[in-house]
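Worksheet for the structure shown next.
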Amino acid sequence: MSSKPTIIDCDPGTDDAIALWLALGAPELDLRLVTVAGGNVGLAGTTANARAVVGLSGRKVPVVAGAERSLLAPFRAETAVHGEDGLGGVVLPEGPPLTPGTAADAIRAELRAAAPRSVTVIGLGPATNLALAFTTEPALVDRVTELVLMTGAWSEGNITPAAEFNAWNDPEALHILLNLGLKPVLATLDLTAQAFVTPDLVARLSQAAGGACWKAALDILRALPSSKRFGHRGFPLHDPCAVAWAIDSDLFGSRDAFCQVELAPGPSRGRTVIDRWERLGQPPNIRLMETLDAAAFFALLEERISRLP
Ligand code: RIB
Ligand code: CA
């Protein structure tokens, strides 16, 4: 099986950490580069967490820091969910140093060296770094075989009633990615709600043996606060859904759809208006992940991460 050259942009972040370990443990993906933006916590925290997560896996994948804030929007972290440290208080050994440079330049260099339509790009945080890379060098779009984003919602948001956190933190960046002609694959809150983690599930997953990465992933799942949006029954696991698509898209039901992100100031800013029923007569510009085989998803998570050191 040939593995897919892959770039992940992220803002670790508890669910980003689990998504990174899923990618690092998946032979289907050849993770070439991890880039980091401010998001769940500030950039100093997200870069330290990305270094530690990659370092714990023992894999030599470059980690490059990028945008500290959004293109235009005011930056806001989400420490209420991820903790002040961004990993729910789970302490990891310090990882290797950052690779010098900036995220957008590193993404461009990786794409420039790649064959046409060969690189899978996965965005797990505010899309600032990806937008900067493709705005600086639009021709590099033709090196991308698939752009997968955890972003948006067709129903209610999480950071505001209208908007999902990544889209809300940098809606201009998401607007740029929606208009590259790439037809990004979106894992929205409506999809990630199906990757629902309960205490019983964590207890079941804890039966599986594994190394330090698996143990740390379980510690993170135990540390995550239950979600008010879901009646405190548990919480949705967002970012690993985007990585799981790149590993095995057969886990998902999906359809083409049209998506536009609201940029105007006000309570709807950052909302992704997603037309699943062709009501607006606009050509589809996204592939929308709609359904998830949750049992197979969590089995994939367990199998791929527990094989890491
Ligand atoms: O809204 C959920 C998304 O925002 C996830 O990517 C989470 O890590 C945060 O970045
Ligand atoms: Ca994230």
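Counting starts at 1 for both ligands and their atoms, in listed order. This chain uses plain numbering: 1 for the first residue, then up along the sequence. Quick caveat: nothing in here was measured; it's all calculated off a predicted structure.
By the 6.0 Å contact criterion, CD on E303 is enclosed, its count of non-hydrogen atoms from other residues, nucleotides or ligands being greater than 12.
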Please walk me through it: do E94 and R51 pass salt bridge (Lys or Arg N to Asp or Glu O under 4.0 Å)? CA-CA 7 Å; E94 183 176 3; R51 289 166 50 211; 2.6 Å; yes

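Taking every heavy atom of N166 and a limit of under 4.0 angstrom, the matching atoms of ligand 1 come to 3 (C), 4 (O), 5 (C), 6 (O), 9 (C), 10 (O). Which parts of ligand 1 touch F165 is read off a 4.0 Å heavy-atom cut-off, strictly below it: atoms 1 (O), 4 (O), 9 (C), 10 (O). Which parts of ligand 1 touch N40 is read off a 4.0 Å heavy-atom cut-off, strictly below it: atoms 7 (C), 8 (O), 9 (C), 10 (O). Applying the 4.0 Å criterion to heavy atoms of M150 picks out, from ligand 1, the atoms 2 (C), 3 (C), 5 (C), 6 (O). Below 4.0 Å from some heavy atom of D16 lie the following atoms of ligand 1, by number and element: 8 (O).
If you look at N158 next to ligand 1, the close heavy atoms, those under 4.0 Å, all belong to the side chain. In L124, the part holding a heavy atom less than 4.0 Å from any atom of ligand 1 is the backbone.
When all heavy atoms are compared, the tightest approach of D11 to N166 is OD2-OD1, 4.2 Å.
For R76 and W168, the positive end sits near the middle of the six-membered ring, less than 6.0 Å away and at most 45° from its axis.
With H82, H238, E164 as candidates, the residue nearest to atom 3 (C) of ligand 1 on a non-hydrogen basis is E164.
Taking SG from C10 and CG from D16, the interatomic distance works out to 5.5 Å, rounded to the nearest 0.5 Å.
For atom 8 (O) of ligand 1, the nearest protein heavy atom (residue, atom name, distance) is D15 OD1, 2.6 Å. Protein heavy atom at the shortest distance from atom 6 (O) of ligand 1 is D239 OD1, 2.5 Å.
When distances to the Ca ion (ligand 2) are checked against a cut-off of 3.0 Å, D11 contributes an N, O or S atom below that limit. Taking 3.0 Å as the threshold, L124 counts as a candidate ligand of the Ca ion (ligand 2), since one of its N, O or S atoms lies below it.
Between G125 and ligand 1, no pair of N/O atoms sits closer than 3.5 Å.
In this model, a donor atom of one side chain and an acceptor atom of the other lie less than 3.5 Å apart for D190 and T188. In this model, no donor atom of one side chain and acceptor atom of the other lie less than 3.5 Å apart for N129 and T35.
Scored by the side chain to side chain contact (heavy atoms under 4.5 Å, CB included) test, N179 finds H175 as partners (sequence neighbours excluded).
Ring to ring, F196 and F230 are close: their centroids are under 6.0 angstrom apart.
In terms of distance to the Ca ion (ligand 2), the nearest N, O or S atom of D239 is named OD2.
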